[in-house]
Amino acid sequence: MQVPPLKVYNSLSRQKETFEPLNPPFVGIYVCGPTVYNDPHIGNARPAVFFDTLRRYLTYLGYKVRFVRNITDVGHLLGDTNEGEDRISKQARLEQIEPMEIVNHYTQTYHQLIDTLNVIRPSIEPTATGHIIEQIELAQKIISEGYGYVSNGSVYLDVMKYKADYPYGELSGRIVEELQEGTRELDGQEEKKHPADFALWKKASPEHLMRWNSPWGEGFPGWHLECTIMSTKYLGETFDIHGGGMDLMFPHHECEIAQAKASNGGKSPVKYWLHNNMITVDGQKMSKSSGNFVTIGELFSGKHDRLTQPFSPMTVRYFILGAHYRSTLDFSNDGLLGAQKAYKRLMNAKNILGKLAYPASAGELNAKADEEIQGFCTNMVIAMHDDVNTARVIAQLQNIARKINTFYQQPETLAQISADTFALMRDMFLNFTENILGLKEEKNTNVEPFVVGLLELYAEAKAKKEYETVDKIRSYFKSNNLIIKDLKNGVDWAYDEN
RNA sequence: GGUCGCGUGGCCGAGUGGCUAGGCAGAGCUCUGCAAAAGCUCGUACAGCAGUUCGAAUCUGCUCGCGACCUCCA
């Protein structure tokens, strides 16, 4: 199978580049994880699902992937107030509990929801609070390199100084001079040398709950420091892939680059920057701050005004992967309904595939059919190699599903393709569906209705004295460790105590 | 205001100089006790205008509409 090399769109160069790991066969991936202060919404699920799929594919290709995704459990100022209050401590005060309780609660929620989406847990999942010392050290390093300064107990990165030596704005295309308009009234603006300067360490106000000792007094780490330290600590000074949402490009990722370069002599921390696009609602970006979000939990329960029914985790995963990661994806009940049917069609085909057996002797080969199926398989790889185009992969899987259905209903057509093609089709279909796209079968685990239905048939058969059927049904129960109880007033079942 | 992106058939959503995207919904047919599933066939879509070209949805220019970032956000 001749296919082009894997290419990914690098936000830094604004073009597709051939993926070549720094230290093959090892690949390091860092993805910005959640800030654990409330329930994640479907927009948060997108990077989780997409970068999971990328990780799965790289693993499939034979790379040894170390996947790091952080938990932000401190920092990040609130956007809707100007109090400069820590987001997590604000939520904690509202609920009258400890900040760490908030962190633990929402971390667990995140894990549980992401698990059901069949997202593999990271190799390393570091927390910001677990790396306070490293963050202080990094701030000190940046000061000693001459790119940071202390002001009123806080530490800032001197953007103008940095900009004189390195290209600030290389990732986002931002020009410092144009940033000055519309700058929000942030706490501590007057402490800065320049409005574009950003905090590496913030002095804690007296009422601030989350605080640590530092050379500059009690405070907490700045907004971007944690990702710089946790990515390079576990993946190296320069690593392969850094992922996250497009909305993090500026300022977050731009600042990460600046912090890294300011502390390491100007080495670029990341080879490939990958950014997923946003999920929209009626054309508008879904976000916590605008309030137009649907949480993952609401999606699973169906309890939301925009939803007519619950949607299963795999439906949601299919929905996300049905669009290319760099396109916006419009959230809608109709879109989800379509994804649900399409996903089930794929799973039905998968089950049928398990029942297909290639005939002992091949028939007359239909070269056209043979080539068509091989083409579907090749196209899946081509699509993945063209900037991880999962939407195109899914189209090919649906094409293969149609062939599988035909083979099932017209077995004679199966002998018209070669045994090799059949094996290729089976392996590729299963690998891409389950291992790469991570679409697993959602089996119906509620057996109660089947038991009740079978009991009804049992009672009917017994009334008609059809004892052969009666015995048959009883044996079904027996083989599943259940017994049927004939009572005076009907039938019932119980666990077999033997 | 600055930077960037988008506008594809009823809906979602790929593609991007000539070669089938795919799914959902809809119509017809096959199969069929009923129903479903499945298979086959069908719509001749690319915001508008002008240009480049043998040929453009795909390139260029303009117009209109929408959005993202510039502030916490995936």
Side-chain angles (χ1 to χ4, degrees), chain A residues 11 14 31-35 37-38 40-51 72 75-82 84-87 169 172-186 196 223 243-252 254 275-280 282-290 293 318-346 348-349 352 372 375-376 379 383 386 389-410 413:
Chain A
S11 302
R14 294 177 184 76
V31 179
C32 290
T35 303
Y37 71 107
N38 61 12
H41 58 74
I42 183 174
N44 303 100
R46 193 175 196 186
V49 168
F50 171 69
F51 288 105
T72 297
H76 293 258
L77 296 183
L78 287 163
D80 51 356
T81 73
N82 292 327
E85 190 172 23
D86 187 293
R87 200 186 251 182
S172 61
R174 288 287 115 79
I175 297 163
V176 175
E177 288 71 19
E178 290 167 354
L179 288 176
Q180 298 184 30
E181 287 179 49
T183 300
R184 157 174 81 114
E185 280 303 311
L186 278 170
W223 306 271
M246 273 182 187
D247 51 354
L248 295 181
M249 248 164 97
F250 189 89
H252 187 57
E254 199 69 71
H275 290 97
N276 63 277
N277 213 135
M278 302 293 105
I279 285 181
T280 57
D282 297 332
Q284 309 284 319
K285 174 186 170 185
M286 180 185 286
S287 71
K288 274 168 185 167
S289 51
S290 55
F293 59 90
Y318 187 100
F319 178 71
I320 289 171
L321 294 176
H324 183 64
Y325 76 97
R326 285 196 294 116
S327 299
T328 56
L329 171 58
D330 201 54
F331 171 89
S332 71
N333 192 70
D334 283 354
L336 255 354
L337 282 171
Q340 181 178 69
K341 288 204 68 164
Y343 157 71
K344 286 182 178 171
R345 182 179 142 85
L346 228 44
N348 283 333
I352 288 169
E372 189 182 23
F376 294 151
N379 284 344
D386 185 12
N389 198 323
T390 53
R392 261 157 67 196
V393 171
I394 284 179
Q396 301 307 316
L397 287 173
Q398 291 287 2
N399 281 332
I400 294 172
R402 188 170 59 251
K403 291 296 165 191
I404 290 170
N405 286 325
T406 302
F407 290 144
Y408 188 52
Q409 291 185 0
Q410 299 168 258
T413 61

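Reminder, nothing fancy here: chain letters follow the sequence lines and each chain counts from 1.
Nearer the 5' end of RNA chain B, as judged by each residue's closest nucleotide, is the contact made by T328(A), out of Q410(A) and T328(A). Closest-nucleotide positions on RNA chain B for G338(A) and G283(A) were compared, and the one nearer the 5' end corresponds to G338(A).
Note on A395(A): a base of the nucleic acid sits closer than 4.0 angstrom, heavy atoms only. Residue-level contact check: L248(A) touches the backbone only, with heavy atoms under 4.0 Å from sugar-phosphate atoms and none from bases. Within the nucleic acid shown, G43(A) comes within 4.0 Å of at least one base atom, counting heavy atoms only. Contact annotation for S172(A): no contact, since no heavy-atom pair falls under 4.0 Å across all strands. Within the nucleic acid shown, N348(A) has no heavy atom closer than 4.0 Å to any nucleic acid atom. Heavy atoms of A323(A) sit under 4.0 angstrom from primed sugar atoms or phosphate atoms, though from no base atom.
The side chain of S289(A) lies closest to C73(B) when the candidates are G13(B), C73(B), G39(B). For H41(A), whose side chain is taken as the heavy atoms from C-beta onward, the closest listed nucleotide among G67(B), A74(B), A38(B) is A74(B). Of the candidate nucleotides A74(B), A14(B), A38(B), A38(B) has the atom lying nearest to any side-chain atom of N405(A). Ranking A21(B), A74(B), A14(B) by closeness to the I279(A) side chain, first place goes to A74(B). If you check A37(B), A21(B), C73(B) against the side chain of S287(A), the one that comes closest is C73(B). Of the candidate nucleotides U16(B), G13(B), A14(B), U16(B) has the atom nearest to the side chain of D386(A). Of the candidates C73(B), A38(B), G13(B), the closest approach to any side-chain atom of L329(A) belongs to G13(B). You'll find that the side chain of D247(A) is closest to C69(B), out of G23(B), C69(B), A14(B). If you check G13(B), A21(B), G67(B) against the side chain of Q284(A), the one that comes closest is G67(B). For R174(A), whose side chain is taken as the heavy atoms from C-beta onward, the closest listed nucleotide among G13(B), C69(B), A14(B) is C69(B).
Counting heavy atoms from C-beta on, the side chains of R46(A) and M278(A) never come closer than 4.5 Å. Using a 4.5 Å cut-off on side-chain heavy atoms (C-beta onward), T280(A) and M286(A) make no contact. Within the 4.5 Å cutoff, no side-chain heavy atoms of H275(A) are placed close to those of R326(A). Counting only heavy atoms from C-beta outward, the side chains of D282(A) and F331(A) never approach each other to under 4.5 Å. When side chains are defined from C-beta on, H252(A) counts as touching C32(A), because their heavy atoms get closer than 4.5 Å. Two residues are said to be in side-chain contact when any heavy atoms from C-beta on lie closer than 4.5 Å; L397(A) and F376(A) fail this criterion.
Judged by atom type and distance alone, R14(A) does not reach the base of C4(B) through any side-chain donor-acceptor pair under 3.5 Å. If you check distances only, the side chain of K285(A) does reach the base of C73(B) with a donor-acceptor pair under 3.5 Å.
For the 3.5 Å distance criterion, the side chains of N348(A) and R345(A) fail to qualify, holding no donor opposite an acceptor. Defined by atom type and a distance below 3.5 Å, a donor-acceptor pair is missing between the side-chain atoms of S327(A) and N277(A).
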Dot-bracket summary - RNA chain B, pairs being Watson-Crick or G-U whose distances fall under 3.5 Å, with | when paired to another strand: (((((((..(((.....[...))).(((((.......)))))....(((((..]....))))))))))))....
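Contact annotation: K344(A) side-chain N/O to A37(B) OP1/OP2 distance is not under 4.0 Å. For G39(B), one of the phosphate oxygens OP1 or OP2 lies less than 4.0 angstrom from a side-chain nitrogen or oxygen of R345(A). Between N389(A) and G15(B) there is a side-chain N or O to OP1 or OP2 distance below 4.0 Å. Remark: K288(A) is in phosphate contact with A74(B), judged by side-chain N or O atoms under 4.0 Å from OP1 or OP2.
The distance between atom CE of M246(A) and atom P of U3(B), rounded to the nearest whole Å, is 19 Å. Atom CZ in F407(A) sits about 17 Å away from atom P in A38(B), given to the nearest Å. One atom, CG of N333(A), and another, C1' of C24(B), lie 12 Å apart when rounded to the nearest Å. Between M249(A) atom CE and C73(B) atom C1' there is a gap of 15 Å when expressed in whole angstrom units. Across the protein-nucleic acid pair, H324(A) atom NE2 and U16(B) atom P stand 10 Å apart, rounded to whole Å. Remark: C1' of A21(B) and CZ of R402(A) are 11 Å apart, rounded to the nearest angstrom. What separates CD of Q340(A) from P of G22(B) is a distance of 22 Å, to the nearest Å. One atom, CG of N399(A), and another, P of G22(B), lie 6 Å apart when rounded to the nearest Å.
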H41(A)/I279(A) under side chain to side chain contact (heavy atoms under 4.5 Å, CB included): CA gap, chis, key distance, verdict: CA-CA 10 Å; H41(A) 58 74; I279(A) 285 181; over 6 Å; no
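When all heavy atoms of A323(A) and T390(A) are compared, the pair lying nearest together is O-OG1, 3.7 Å.
Nucleotides A45(B) and A35(B) are separated by 34 Å at their C1' atoms, to the nearest Å. Nucleotides C62(B) and A68(B), compared at atom P, are 24 Å apart to the nearest Å. C59(B) and G22(B) have their P atoms separated by 22 Å, with the value rounded to a whole Å. Distance noted for atom C1' between A50(B) and C42(B): 35 Å (whole Å). A gap of 14 Å separates the P atoms of U41(B) and A21(B), to the nearest Å. Comparing the same atom, C1', in G9(B) and in U52(B) gives a spacing of 28 Å after rounding to whole Å. Between C24(B) and A37(B), the distance separating the two P atoms is 10 Å to the nearest Å. U20(B) and G43(B) have their P atoms separated by 14 Å, given to the nearest Å.
Atoms OH and CG, on Y325(A) and N276(A) in that order, are 9.0 Å from each other to the nearest 0.5 Å.
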